[in-house]
Amino acid sequence: MEIETNKEYKIEISSVSSDGNGVGHINGLTVFIPKTVTGDIIKAVITKVKKHYAYGKMLEIIEPSPWRTAEKCPYCENCGGCQLWHIQYNYQLKIKKDIIENSMRRIGGFSDFSLDNITGMDIPKRYRNKTIFQIGSKQNNSNAKEQIKYNNNNNNSKILCGFYAQSSHNIIPINDCLISNKFNESINKTIINYMKTCKVSAYNERIHKGVIRRIFTRVSFSTGEIMVIISANSKKLFNQEYLINQLRNVTDKITSIILNINTKKNSSLLGEKNIILWGKSTITDTLCGIEFFISPESFFQINPVQTEKLYNRIIEYADINNNNIVMDVYCGIGTISLYAAKYAKKVISIEIVPEAIENAKQNAIHNNILNTEFYADSAENIVPKLLSHGIKPNVIILDPPRKGSDKVTLSAIVKAHPEKIIYVSCNSATLARDSQFLVNSGYIITKSHGFDLFPYTVHAETVILFEK
């Protein structure tokens, strides 16, 4: 019996998928239903039917799962940021552990793989040190074609500030995000009030008109410093002294106010030029006893509380001594490199983004860490060259972007025969693929651990130790 679109069914949810949807079955066909959890019995309407699966929308909870929670973010039904707000936190950790293990078994072929453990947060709220709020207008959210003349004056009463809805560029107005800094609400309101008072328009991406595109905040968990970045389709803000004074009145924790000029017709979060309107060009944060300068563009893990736990586990797995050479591939601004350098004879670090390497060098000098070498190049280009010229690292640390590493880099690494390879991943699918390559090349998985750096989302970090 085939299932039908727009027809209602009673479904029991048996698991949660890697994208956070509940998974049920109708007549043997898999059905994905958002905002559900294992153990829910629900009434759902089928919205789309494919050959091997279908999608549905929950209409009613007939019997709630024991893992469902009454606690809710007021925006979670529409916001595209968090997928797991309806699920108790301890069960979120189980879901993430299952996602990692299923990827390793299904994609990597490790049929008996089991993650040693997964570490969650004691208090999984207000953990983000970076938040980007989109600015637009109710006009922008319309699906109709722009037929009207864009007018800076009459558009200000319709300014929206928030996050994109899932799989769209419709802005969901959000006053306070519960996983971000508590001052964001006051900062956003101050900037919106400035826009209305001074008649500064919201950017409209459809017609590339208007001024303010985004509000971007960064906060230091160690010092409390806040950086406010205003992304604008303009080289200067009207009456910017008024805005500066208003923002400084929000809290004395704001130490940096920056205009980011972003005039291109694209969806890049930041443009290429920053102008310091007031205060400093960077804020300072501390990880594992090391101070880092953070600029608007710096890559810095968004959850410093959990990042310290992750980095401590990396150092534990590496078991570095002062005779060891360590290679850190995809090093970013040098966070892992500088921590490893405390214990190693030398650390060689590679990152494709030149600005990140400059930041890493500055951070090394600032912390008086002298046993590091930094290379601004792609991993697939520089790693084989370095290793072929006689460099023999005892430990190689890989922390690639979501797309994972590549065969050229991995081949060069295994030919160098390091005693240990430590792979850190935010994407269990590419982790599984690359793990298969390393194991097929003679390494074995000896330890593994998950870390929840992103509570209420489906994402997690994994660290795996490979040894000969």
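Computation of the quantities below employed the complete heavy-atom set of this structure, encompassing side-chain atoms and omitting hydrogens, waters and symmetry-equivalent molecules.
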Asker: Could you tell me whether the side chains of Asn21 and Gln83 share a donor-acceptor contact shorter than 3.5 Å?
Answerer: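 No, no side-chain donor-acceptor pair sits under 3.5 Å.
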
Asker: Are there over 12 heavy-atom neighbours, none belonging to Glu272, within less than 6.0 Å of that residue's CD?
Answerer: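 Check fails, neighbour count at 12 or below.
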
Asker: Establish, yes or no, whether a centroid distance under 6.0 Å links the rings of His208 and Tyr203.
Answerer: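 Yes: the rings meet the under 6.0 Å criterion.
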
Asker: Look only at the side chain of Gln306 and the backbone of Thr119, and say whether a donor-acceptor pair between them is shorter than 3.5 Å.
Answerer: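 Present.
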
Asker: Looking at Ser220, is its backbone amide N or carbonyl O close enough to the side chain of Glu225 to form a donor-acceptor pair, meaning the two atoms are under 3.5 Å apart?
Answerer: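 Checked: no pair found.
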
Asker: Do Val211 and Asn233 make a side-chain contact, defined as non-hydrogen atoms from C-beta onward lying under 4.5 Å apart?
Answerer: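 Counting from C-beta outward, Val211 and Asn233 never come under 4.5 Å.
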
Asker: Between the side chains of Glu185 and Asn175, is a donor N or O closer than 3.5 angstrom to an acceptor N or O?
Answerer: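 The answer is no; no qualifying pair exists.
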
Asker: For Tyr423 and Ser435, test the side chains for any donor-to-acceptor distance below 3.5 angstrom and give the result as yes or no.
Answerer: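 No, Ser435 and Tyr423 have no side-chain donor paired with an acceptor closer than 3.5 Å.
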
Asker: With side chains defined as the heavy atoms from C-beta onward, is the minimum distance between Phe216 and Ser231 less than 4.5 Å?
Answerer: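 No, their side chains stay 4.5 Å or more apart.
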
Asker: Arg313 and His449: side-chain donor and acceptor closer than 3.5 Å?
Answerer: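 Yes.
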
Asker: Suppose the criterion is ring pair (Phe, Tyr, Trp, His ring centres under 6.0 Å): which pairs have a residue in residues 218-252, not counting sequence neighbours?
Answerer: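 Matches after skipping sequence neighbours: none remain.
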
Asker: Would you please classify the geometry between the Tyr311 ring and the Tyr339 ring as parallel, tilted or perpendicular, with 30° and 60° separating the classes?
Answerer: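 Plane angle between 30° and 60°, so tilted.
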
Asker: By the ring pair (Phe, Tyr, Trp, His ring centres under 6.0 Å) test, which pairs, at least two apart or in different chains, include something from residues 268-303?
Answerer: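 Ring pair (Phe, Tyr, Trp, His ring centres under 6.0 Å) check on residues 268-303 returns Phe292-Phe300, Phe293-His366.
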
Asker: Among side-chain atoms of Thr38 and Tyr91, is any donor-acceptor pair under 3.5 angstrom?
Answerer: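 Yes, because at least one side-chain N or O of Thr38 sits under 3.5 Å from a partner of the opposite role on Tyr91.
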
Asker: Is there side-chain contact between Ile191 and Leu247, with at least one heavy-atom pair below 4.5 Å?
Answerer: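 Yes. Closest side-chain heavy atoms under 4.5 Å.
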
